[in-house]
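In what follows, a single structure is set out as structure tokens and then discussed.
Numbers for residues simply follow the sequence, beginning at 1. For clarity, every value in this text was computed on a predicted model and none was experimentally measured. All values below were derived from every heavy atom in this structure, side-chain atoms included, with hydrogens, water molecules and symmetry-related copies excluded.
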Amino acid sequence: MELAGRGLFTGEPVCLRAHPSEPDTGIWFLRTDQNPPIRIAATVENVSKRARRTSLRNGTVAIETVEHWLSACAGLGIDNLQVDLDANELPGLDGSCRGFVETLHKAGIREQDAERTPHVVTDVVRVVDGDCELVALPPLNPEDNALEVSYDLDYGPDSPIGHQHFRCVVTPETFEANIAPARTFVLQAEAEALRANGLGTHLSYTDIVVFGKDGPIDNELRFPDECVRHKVLDLIGDLTLLGRPLVGRVYARKSGHALNHDLVRALRRQSQEQARTAFLARRPVVSIQKVQRILPHRYPFLMIDRVVEVEGTKRAVGIKNVTINEPFFQGHYPGDPIMPGVLIIEALAQIGGVLLSQELEHKGKVAVLLSLDKVKFRRAVRPGDQLVLEAEALRVRSTTGHVRGRAHVAGELVAEAEIKFILTDAEPH
């Protein structure tokens with residue numbers, strides 16, 4: 001599909017072309033006017049701080065005002081899409097996302113074979129900025145598979161925009177009828193300030209909803225509560241930056257883009273913690289008995305408690321539970337116990353040995369540590385931490401193996417290294 005227009009803030013001409021993307025690739029933008037073209041994924045990690053809009057950035061290249069397009073995609077249930085742009089801002093259209101919805105419908109929406117994996121809110125997540133608030137709550141019914149949004153808009157008794165409240169369960173039908181047509185709005189003083197800064201100079205009062213003291217200037221509202229509906233439109237678009245459909249209830253009070261992004265970051269942390277908990281609860285794929293057959297280490301130098309993932313000869317993940325009973329805590333900062341960094345690297349070398357053994361076990365060879373490179377320690381590891389040890393094969397030859405090791409605690413990188421092994425003949429048992 002293709003759609004041309006001018007940016008809402010910049011006024012620059014832009015052509016948008018959208019193409020289906022592979023399952024689980026998400027929505028991402030391609031700045032085709034750059035040489036080479038710059039790719040920017042629609043995720044909260046790429047958000048760049050901007051006033052009154054959501055901007056995404058990769059290095060020095062940005063894309064402005066993505067929220068209306070993302071809202072249209074989310075409202076229609078579209079989650080894998082490549083979007084080509086030949087300028088730095090999406091078409092502003094009439095300030096709503098109705099034009100995007102109509103164009104997407106004309107292009108056609110295709111169901112893909114892969115299952116969608118939503119993020120289901122399991123615990124209350126709340127972010128606050130002054131009297132502005134956003135709260136995400138679990139769905140009332142565990143079988144619900146939808147997003148419910150409630151928004152309370154109140155600019156105070158002196159505002160020409162009265163107190164408004166809107167609530168809906170987001171489905172393609174409710175979104176298209178009740179949210180997509182709602183246009184962006186500003187107060188007259190805000191519009192004049194934007195124009196003074198060179199933004200929106202191509203717009204007139206008939207192109208955008210501008211509120212004077214007596215209401216919209218030279219324009220008519222599409223809904224009596226169009227303002228709060230547009231706030232819901234923006235919120236749905238910003239929630240798309242989670243990278244997964246959201247299932248649960250979201251309550252908003254006077255929130256804007258910055259607070260929306262804060263909620264997405266908090267939900268992302270919740271999602272990562274859920275994934276980490278599920279991952280750590282997995283049963284071992286390599287028993288400790290087999291680990292002991294692979295590695296010559298024994299107490300107190302066996303640094304792997306279990307192996308929970310092996311991807312052929314490419315990647316292996318193990319777990320080391322760090323307890324106060326570790327013998328090295330008796331002499332290594334006993335008043336402030338810290339796991340020795342060299343032992344973390346030793347643990348990475350051991351999971352590297354387990355990985356290489358997947359190929360060496362039937363060749364009569366074992367991996368012996370040869371050298372370390374790019375060793376970095378990021379934070380201290382203490383009693384009670386659970387080390388997740390990951391080894392990734394970089395190069396394996398007949399006599400040498402090269403792996404990259406990373407150690408994490410609660411999703412945070414604590415140490416990393418590149419480790420080389422020499423592959424020697426195993427001693428007969």
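Every residue meeting the side chain to side chain contact (heavy atoms under 4.5 Å, CB included) condition with Arg57, not counting sequence neighbours, appears here in chain and number order: Ser48, Arg50, Ala62.
A 4.5 Å side-chain heavy-atom check between Arg39 and Phe29 finds every atom pair outside the cut-off. Contact check for Leu90 versus Thr65: no side-chain heavy atoms found under the 4.5 Å cut-off. The shortest side-chain heavy-atom distance between Val210 and Ile208 falls under the 4.5 Å cut-off. The shortest side-chain heavy-atom distance between Leu233 and His68 falls under the 4.5 Å cut-off. Taking 4.5 Å as the limit, some side-chain heavy atom of Ile288 sits within range of a side-chain heavy atom of Leu302.
In this structure, Gln164 contributes its side chain and Leu153 its backbone to no donor-acceptor pair below 3.5 Å. Here the side chain of Asp94 pairs a donor or acceptor atom with the backbone of Ser96 at under 3.5 angstrom. The main-chain N or O of Pro118 is found under 3.5 Å from a side-chain atom of Arg244 such that the two form a donor-acceptor pair. Checked by atom type and distance alone, the side chain of Arg268 never pairs as donor or acceptor with a backbone atom of Thr43 at under 3.5 Å. In this structure, Arg229 contributes its side chain and Asn178 its backbone to a donor-acceptor pair below 3.5 Å. Of the possible donor and acceptor atoms, one in the side chain of Asp154 sits under 3.5 Å from a partner among the backbone N and O of Gly156. Here the side chain of Arg6 pairs no donor or acceptor atom with the backbone of Gly92 at under 3.5 angstrom. The closest donor-acceptor contact from the side chain of Ser357 to the backbone of Val354 lies under 3.5 Å. Distance alone, capped at 3.5 Å, is enough to place a donor-acceptor pair between the Glu190 side chain and the Leu187 backbone. Using a distance-only test at 3.5 Å, with no hydrogens or angles considered, a donor-acceptor pair links the side chain of Asp385 to the main chain of Arg382.
At a cut-off of 3.5 Å, with distance as the only test, a side-chain donor of Asp152 or His163 sits close to an acceptor on the other residue. Inspection of the Thr54 and His261 side chains reveals an N or O donor paired with an N or O acceptor under 3.5 Å. Counted by atom type alone, Asn321 and Gln386 present one or more donor-acceptor pairs between their side chains at under 3.5 Å. Under 3.5 Å, the side chains of Gln112 and Asn80 contain a donor-acceptor pair of N or O atoms. Side-chain atoms of Arg183 and Asn219 include a donor-acceptor pair closer than 3.5 Å. For Ser21 and Gln82, the side-chain atoms include no donor-acceptor pair closer than 3.5 Å.
Note: Lys420 NZ to Glu418 CD = 8.0 Å, rounded to the nearest 0.5 Å. In this structure, CZ in Arg404 is found 11.0 Å from CG in Asp373, a value given to the nearest 0.5 Å. In this structure, Leu30 CG and Asp86 CG are separated by 11.0 Å, a value rounded to the nearest 0.5 Å. Once rounded to the nearest 0.5 Å, the distance linking CZ of Arg110 with CG of Asp113 reads 9.0 Å. Interatomic distance, Leu134 CG to Leu263 CG, rounded to the nearest 0.5 Å: 5.0 Å. Here CD1 of Ile63 is found 11.0 Å from CD of Glu89. Values are rounded to the nearest 0.5 Å.
Under 4.0 Å is where a charged nitrogen must lie from a carboxylate oxygen, and between Asp262 and Arg265 at least one such pair does. Between Glu392 and Lys314 no salt bridge is recorded (no basic side-chain N to carboxylate O distance below 4.0 Å).
Looking at every heavy atom in both residues, Ile345 comes nearest to Glu416 through CD1-O, 4.3 Å. In this structure, Thr103 and Gly99 approach most closely via the heavy-atom pair OG1-O, 2.8 Å. Closest of all the heavy-atom pairs between Arg53 and Glu67 is CA-OE2, 3.6 Å. In plain terms, the two heavy atoms of Thr117 and Pro245 that are nearest each other are O-CD, 4.2 Å. Nearest approach of Phe9 to Arg52, heavy atoms of both residues: CZ-O, 3.9 Å. In terms of heavy atoms, Ala393 sits closest to Thr313 at CB-O, 3.4 Å.
Under a cut-off of 6.0 angstrom, the local environment of CZ in Phe301 is sparse, with at most 12 non-hydrogen atoms contributed by other residues, nucleotides or ligands. Within 6.0 Å of atom CD in Glu22, 12 or fewer heavy atoms from other residues, nucleotides or ligands are found, so the atom counts as exposed in its surroundings.
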Give the C-alpha distance, both sets of side-chain angles, the deciding distance and a yes or no for side-chain contact (heavy atoms from CB on, under 4.5 Å) between Val409 and Val388. CA-CA 6 Å; Val409 170; Val388 178; over 6 Å; no
For a side-chain contact (heavy atoms from CB on, under 4.5 Å) check, start with the C-alpha distance between Ile40 and Trp28, then their side-chain angles and the critical distance, and finish with the verdict. CA-CA 6 Å; Ile40 307 177; Trp28 52 281; over 6 Å; no
Ser255 and Asn260: side-chain hydrogen bond (donor to acceptor under 3.5 Å, both in side chains), yes or no, with the steps? CA-CA 7 Å; Ser255 74; Asn260 295 349; 3.2 Å; yes
Could you give me the CA-CA distance, side-chain angles and deciding distance for Glu390 and Arg315, then say whether salt bridge (charged side-chain N to carboxylate O under 4.0 Å, His left out) is met? CA-CA 7 Å; Glu390 178 185 7; Arg315 180 173 172 271; 2.8 Å; yes
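The side-chain contact (heavy atoms from CB on, under 4.5 Å) test with Ile319 singles out one residue from Val307, Val308, Ile304, and that residue is Val308.
Identified under the side chain to side chain donor-acceptor pair (under 3.5 Å) test for residues 125-139, with sequence neighbours left out: Arg126-Glu133, Asp131-Lys254, Glu133-Arg253.
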